[in-house]
Each structure stands twice: as C-alpha cells, then as structure tokens.
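Here the structure comes first, spelled out in structure tokens, and everything after it is commentary.
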Amino acid sequence: MFSWSTIVENLPYLLQATRFTLLVSGLGMGLGLVMGMVLCVARLSPIRWISRIAALYVSFFRGVPLLVQLLLAYYFLPSIGIDIPPLWAAVCSIGLCAAAYIAEILRGALIAVPHGQAEAAAALGMHPFTIWKRILIPQALKISMPSLVNELIMLVKVSSLVSAVGIVELTRMSQSISAATFRPLEIYIAAAAIYLVINLALAGLGQALEKRLDY
Amino acid sequence: MTSENASSVEITALGKYYNNFHALKNINLSIPAGKVTCLIGPSGSGKSTLLRCINFLEEYQEGAVEIDGQVIGLEAVGGRKMSARRLREMRRSIGMVFQQFNLWPHMTAQQNVAEALVQVQGLSKAEAARKAVAALEKVGLGDKTESFPNRLSGGQQQRVAIARAVAMEPKLMLFDEPTSALDPELVGEVLTVIKDLASEGMTMVIVTHEMGFAAHVADQVAFLEAGELVSCAPPAEIFRNPSDARIKAFLETYHARNQF
C-alpha cells in the first residue's frame, strides 16, 4: 500500500533538507555565473597567456568528475591548512565547476553573433566596451539562454553529490528517512517531486527571461 | 555642398597581404571630394578589400590611405598602428553600408539609427531619436521607425542601414555591394536612395555589380582585377571605350549574363 502518511509525516524533514539543496545550488549558480563570465572574457582575450590559463581551467573543471572535485576540496584544502566548513567547500566546488561550463556556453553564444554586428558598430566609431555592452552581450544572452537554463537545472540535480562531504541535503535526507521508515518508494517520490518543482520554476524563469530578450 | 562637408581620399602605393596572398598590389587612386567613385571588377579582384582599407576595417601593410590629408590606421611617421582612439575619431566621419546590412536585430529601426548618435556623438536620447526619425523619413521609412529588422524586407533593411550611416553626417560614404544580397525587385529602391544621396554632394565610394547604376551615377569608375587597379576613368570611357582587354572581357561576361 502506498502510504501518504509517510510522506506527510516526513515532509518537514525533507523541506528542511531542501533548504540546503537550494542554498548549495543557489550560491553555486551565483558563483558559477560570475566566474563563468570572467572566464569567458579571459578565454576570448587577445593576450595569449590569459586565454591559455582560462582554457586550462576549463579543461580541468570539465574533465574531472564533480564528485572527485568535491572530495579533493574536502580533503585537500584542510591538508594545506585551509580550514573551510564543508558547506563552503561544496558551494565552491559546484560553483567553480559550473563556471567552466557556463564560460563555454557564453563563449559559444558570443562566437555565434555574426562578425558584421561588431564591424558595423566599429565603422561608426563605437568604443569596444560599448560594442560589447550594447551590441554583443544582449545578443549573446539571448542565444545562450536555453543552454544556460539547461546548465542551471543540471546544477540543482548534481547538488545531491555534496552529501559525499557530509551535507544533508534533499537526496541524503531521503536516503536516511527511507532507511529508517522502510518506505523508500514514498520518500523518493516526494524527493523527485521537490526537485521537479525547483527545476520547473527555474525553467519558467528562463522562459520568461527569453521572452523579455525576444525581438 | 562645399568640400568642408565632403572628404577627399588619396590612396598611394597601397599594398595588402593576407599571410602570403597579395590581395592588393600597389594601388594608386584619387577620390575627389563630392564625387562618386564606383569600384567594379570580377569577384575576388580586391574591390571590397580596397573599400575596407579606406576606413581601416581591413589593415594594410604598404602605402597609405589618406583622408583629407590624414593617414588612416597608421601613424604618418614610422608606420606604427595609430591609437584606437584616433582611429575611432576618424571613423566618425566615414559612413559604411554593408552587403549584409548588419543591422542590430535586437533594436528597432529607430534605435539602430539612434544608437551611435547617443554612444558616439553623445547626443541626448530625445535628440538622437528625433534625428533618427528624420533620417528614416529621408530614406522613405518614416512609417517603419518602430519595426525590428526581422520585420523588414531586405530593401527596407538596407535603407535603415543607409539611414544609420547618414545620420552621423559623414563626409565620406562607403558602400560595399549594397544591393548584392537583395532580391532583384528590391534593388531599385536602394539604388534610388543612394542616387539621391549622391546628388547632395557627399563623397561616395561604391563597390557594385550594377553596371547600369555605375554608368549613370559615377563620376569615375575604377576597374580592379587580381588585386591590381587596371584603370580609373569616367564611366563613358570604361563602359563605351575600354582601353584594356581585361575590362572588355569582364563587360562581355556581364552583358552575356544579362541577356535573355
């Protein structure tokens, strides 16, 4: 028998843990977006060594599994005397990893803006900074929106990995409760529903933004 | 219009390379103020490249392009690249119209025209908007000011692009195959606008495949082939009595193509 009461009884615990899911993925997103923008500009920089470093960064953070990155941050940082709480190690790992993907998404979008767009502006005597701000970024933002939303949704889902460093977020909490109640089906259905709600909200937000950027 | 509002261009011993490819070879060409110069020639002959050297969108390696006596792109002494700031200043008075229009798709027609007025000339938004509407009216698009480019036909888009350049009150206009991307029935409306501008006494350099248009509007026609300037002469001479066999051959293929 499907037990609704198990879900209702345990919902407060699940929601409590959801706060950490939201916290880790929310802060991770913020860090990832900011770092991603910086990295993207660095990768497109005409100065060789800057773009090299950015490319190296992307290769590393895209090439090593996030779980391994998390464990590295968790064990490695204290071993060299940097003592940060597991929560911050988790946020940093997720944010730094997302930054690599976001940088590539933004770079792809900027490359997709036809060259003639900037050329027309340059021919009018526009400053490069203005060309970025007024011509390139608005168009790149629109182009990147679907992939960006994709990446952010992915980020919410991979936030379940941070349980490996002892943070009790939604997935970890579900595991504990289902072990204690012997009701895994109900609990995981509830967890799935919560993830779905978060990500539907994100997708909706993305769609609204896309509409605003439409022309 | 006096030469105060129109620039002259002096191209001397211009050479341009793409790596090992010699795209322009020792070009010498005078473009007098207030006159229309058409650049013609087979595709790949370097006419677009030459045009793009005039506002330094294309960097050149030899010789000089002087606009009203000022070398563009390079320092007059030493041949180093000029500062980006000086280049921007010089470009302010050079308008350019592209084959692919290059309108900014996220802005309305009016915003496309007003953008540089605000960002480059520093006009207030209201003043820029007023000037933009006036420029659009001048090219016959007074009713399309609020339209986004993707709602406009190719001919209309190109006219917006012309308005965008002309609103800056340039002393020199460069047209890079302005009708080559247009459906045949839309070519006329764009050529009419260009012809009207020409009659106002602006200096114009036009890369074109429209020989009839060149014959009617140009004060001089320059024929390029394989990166060389073969001849520069009044249109009557180029079209009726070409001195060079290469021009004859080019015009013959052109005529053959347009017969049916």
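Protein chains get the first letters and strands the later ones, always in sequence-line order, with residue 1 at the start of each.
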Is it true that atom [atom1] of [X] has more than 12 heavy atoms of other residues, nucleotides or ligands lying nearer than 6.0 Å?
X	atom1	answer
B:Tyr18	OH	yes
A:Tyr13	OH	no
B:Phe213	CZ	yes
A:Gln207	CD	no

B:His106 (side chain) donor-acceptor with A:Lys142 (main chain) under 3.5 angstrom: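 No; judged by distance alone, with no hydrogens or angles, the pair does not exist.
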Answer with side chain, backbone, both or neither: which region of [X] has an atom nearer than 4.5 Å to a non-hydrogen atom of chain A?
X	value
B:Arg164	both
B:Leu103	backbone
B:Met107	side chain

Close contacts, residues 95-126 of chain A versus chain B, judged by heavy atoms under 4.5 Å: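 When heavy atoms of chain B are the reference, residues 95-126 of chain A contributes A:Gly116, A:Gln117, A:Glu119, A:Ala120, A:Ala121, A:Ala122, A:Ala123, A:Leu124, A:Gly125, A:Met126 within the under-4.5 Å range.
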Which of [options] touches chain A most, by non-hydrogen pairs under 4.5 Å:
options	answer
B:Ala161, B:Pro149, B:Pro105	B:Pro105
B:Glu115, B:Arg151, B:Glu89	B:Glu115
B:Ile94, B:Val120, B:Asn150	B:Val120

Test item: A:Pro128 and B:Arg88 side chains (from C-beta on) under 4.5 Å apart, heavy atoms: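 Yes; the side chains approach each other to less than 4.5 Å.
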